[in-house]
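Notes for the one structure printed next.
Read the numbers this way: they start at 1 and go in the same order the structure lists the ligands and their atoms.
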Amino acid sequence: MAKSRIYYTKPSITELEVEYATDAARNGWGDRCYEYIVRFEEVFKKYLGVEYSIATSSCTGALHMGMAALGIGPGDEVILADTNWIATVAPIVHLGAKPVFVDILPDSWCIDPVLAEQAITPRTKAIVATHIYGNLCDMEALLAIEQRHGIPIIEDAAEAIGSVYHGKRAGSMGKFGSFSFHGTKTLTTGEGGMFVTNDPDLYETVLTLSNHGRARGQTKQFWADMVGFKYKMSNIQAAIGCAQMERIEELVSRKREILSYYKENLESLPGITMNPEPKGMVNGGWMPTAVFSPESGITREKLQVLFKEANVDARVFFWPLSSLSMFDDKPTNKLAWDIPTRAINLPSYHDLSGKDIKQVIDSMTDNLYPKNANRSKK
Ligand SMILES: *Cc1c(COP(=O)(O)O)cnc(C)c1O
């Protein structure tokens with residue numbers, strides 16, 4: 001029997017998003033051309049518990065402007081985990097700075113703070129803390145480094161909406177935070193992002209940069225005070241974002257529900273670990289990821305074959321950025337180089353049915369653990 005394809009991500013768009021987007025398309029012009037943008041920024045910053053927010057065309061744009069506002073440029077170094085999406089490193093390179101890749105922790109797959117601190121040189125301008133797959137970085141250790149060395153921590157929270165670190169939301173703790181609303185993310189506007197900060201000066205600088213370098217108080221028309229960027233979100237995208245924010249609890253709780261269902265069924269099998277949720281933390285559950293122990297002998301390639309046969313759209317764990325052709329190989333980042341060879345991202349979109357999840361789990365147990373087959377819970 002042919003099984004219908006199970007996709008790994010898909011946005012959840014209801015009548016509410018359609019209604020707001022339609023209203024923006026119909027009425028959101030002239031005097032009202034920023035209404036949804038302002039509203040989206042307001043609800044987002046309240047949700048996050050921060051002072052300032054700027055909606056952007058992407059997370060990459062938010063990172064680019066934030067890093068530019070911190071004065072990162074040629075000759076500078078920025079430390080980040082080798083395990084990262086390309087978007088996190090691209091702005092560093094565009095600004096002419098040098099990315100310094102360090103290894104990750106074995107359980108959270110996020111930057112190792114000890115190695116990050118060891119990598120600091122007189123040229124270090126920032127450390128990027130990416131909360132990978134919704135897992136939280138060790139913010140206590142990272143913020144202590146910020147204190148000790150005066151080097152800002154940037155939180156790339158693109159994958160971590162809904163993740164909470166001891167009562168504080170991911171993205172709200174660093175010098176600034178960035179979010180993505182790309183179609184694969186928990187909250188989507190199609191394309192889009194958000195810059196957030198509690199620093200009034202940094203906010204003003206990014207606001208100016210985001211408006212082609214035109215300062216807020218500038219009264220001269222068409223007058224730019226510096227060369228800026230054009231990374232704005234449109235009002236129509238923001239309208240969809242406003243609807244998604246009204247549903248944010250629902251969107252995050254479904255992600256968490258799917259993650260915990262996978263964890264319940266898979267973590268009892270030998271040699272599998274998944275996204276952690278240590279005491280005091282909430283994992284937003286953006287991307288359920290299974291990592292197999294080296295002893296299990298289960299490889300990425302074996303998993304890809306298995307899921308291809310099961311018609312399941314599972315994705316590989318991020319390649320270490322230092323393995324890409326434009327950077328120098330750094331295989332001494334052992335975990336960042338090794339974990340992806342024995343890991344896989346599992347489907348987790350909002351409307352994924354219980355039956356679909358069971359099918360994903362069964363395709364793993366049947367093939368990898370035949371003795372345990374058909375034991376997944378309903
Ligand atoms: C998705 C993602 C980004 C980029 O987001 P865009 O909105 O596509 O620019 C950046 N960092 C991480 C960790 C991501 O997962």
Side-chain angles (χ1 to χ4, degrees), residues 8-11 40-41 44 53-68 78-95 99 101-102 104-105 108-111 126-137 139 142 153-163 169-171 173-174 176-196 206 210 229-234 237-238 240-241 244 251-252 255 275 283-289 315-321 324 336 339-340 343 345 348-349:
Y8 97 127
T9 66
K10 221 194 264 186
F40 186 41
E41 289 172 341
F44 196 86
S53 57
I54 301 172
T56 57
S57 52
S58 68
C59 178
T60 312
L63 284 168
H64 198 175
M65 290 194 293
M67 288 177 184
V78 176
I79 297 166
L80 72 163
D82 208 344
T83 298
N84 247 309
W85 175 226
I86 184 73
T88 314
V89 72
I92 300 169
V93 175
H94 288 316
L95 289 166
F101 301 116
V102 299
I104 52 174
L105 294 170
S108 66
W109 323 318
C110 291
I111 192 165
I127 298 172
V128 184
T130 303
H131 304 294
I132 213 83
Y133 301 142
N135 307 348
L136 285 147
C137 291
M139 289 308 292
L142 291 167
I153 304 296
I154 296 169
E155 277 184 278
D156 184 348
E159 306 182 355
I161 196 164
S163 294
R169 292 201 179 276
M173 295 168 276
F176 75 83
S178 63
F179 287 86
S180 172
F181 310 128
H182 179 254
T184 55
K185 300 286 160 53
T186 300
L187 184 159
T188 190
T189 58
E191 294 281 358
M194 192 74 81
F195 168 90
V196 296
V206 173
S210 77
F229 297 92
K230 188 63 195 296
Y231 289 145
K232 290 190 180 209
M233 177 178 278
S234 78
Q237 289 170 308
I240 296 175
Q244 293 262 290
L251 294 174
V252 171
K255 278 286 190 183
N275 313 53
N283 192 313
W286 175 62
M287 186 62 73
T289 299
R315 299 287 170 104
V316 300
F317 194 100
F318 289 132
W319 304 97
L321 290 177
L324 302 180
I339 289 174
N345 298 150
S348 67
Y349 63 89

In terms of the angle between their ring planes, are Phe318 and Trp85 parallel, tilted or perpendicular, with boundaries placed at 30° and 60°?
parallel

Once rounded to the nearest 0.5 Å, what's the spacing between atom CG of Asp156 and atom SG of Cys59?
4.5 Å

Of the side chain and backbone of Ser58, name the one, both, or neither that has a heavy atom under 4.0 Å from an atom of ligand 1.
both

Does the N or O separation between Gly61 and ligand 1 drop below 3.5 Å for any pair?
no

If you count the atoms of ligand 1 from 1 in the order shown, which ones are under 4.0 Å from a heavy atom of Thr130?
13 (C)

With heavy atoms of Gly192 as the reference, note each atom of ligand 1 found under 4.0 Å away.
7 (O)

Give the residue and atom name of whichever protein heavy atom lies nearest to atom 4 (C) of ligand 1, and the separation in Å to one decimal.
Ala87 CB, 3.4 Å

Among all protein non-hydrogen atoms, which one is nearest to atom 11 (N) of ligand 1, and what is the separation to 0.1 Å?
Asp156 OD2, 2.7 Å

Verify whether the ring centers belonging to Trp109 and Phe317 lie closer than 6.0 Å.
yes

Does the ring center of Phe176 lie less than 6.0 Å from the ring center of Phe195?
yes

Looking at Lys185, His64, Met194, His182, the heavy atom closest to atom 1 (C) of ligand 1 belongs to Lys185

Checking a contact table here: which protein heavy atom is nearest atom 8 (O) of ligand 1, and how many Å away?
Ser180 OG, 4.0 Å

Where is the nearest protein heavy atom to atom 15 (O) of ligand 1: which residue, which atom, and how far?
Glu159 OE2, 2.5 Å

If you measure only the distance, is there a donor-acceptor pair under 3.5 Å linking the side chains of Thr184 and His182?
yes

At what distance is the nearest protein heavy atom to atom 9 (O) of ligand 1, and which residue and atom is it?
Thr60 OG1, 2.5 Å

Option among Thr130, Asn283, Thr289 that satisfies the side-chain hydrogen bond (donor to acceptor under 3.5 Å, both in side chains) test with Asn135:
Asn283

I'd like to know if the side chain of Glu159 pairs up with that of His131 as donor and acceptor (distance under 3.5 Å, no hydrogens or angles considered).
no

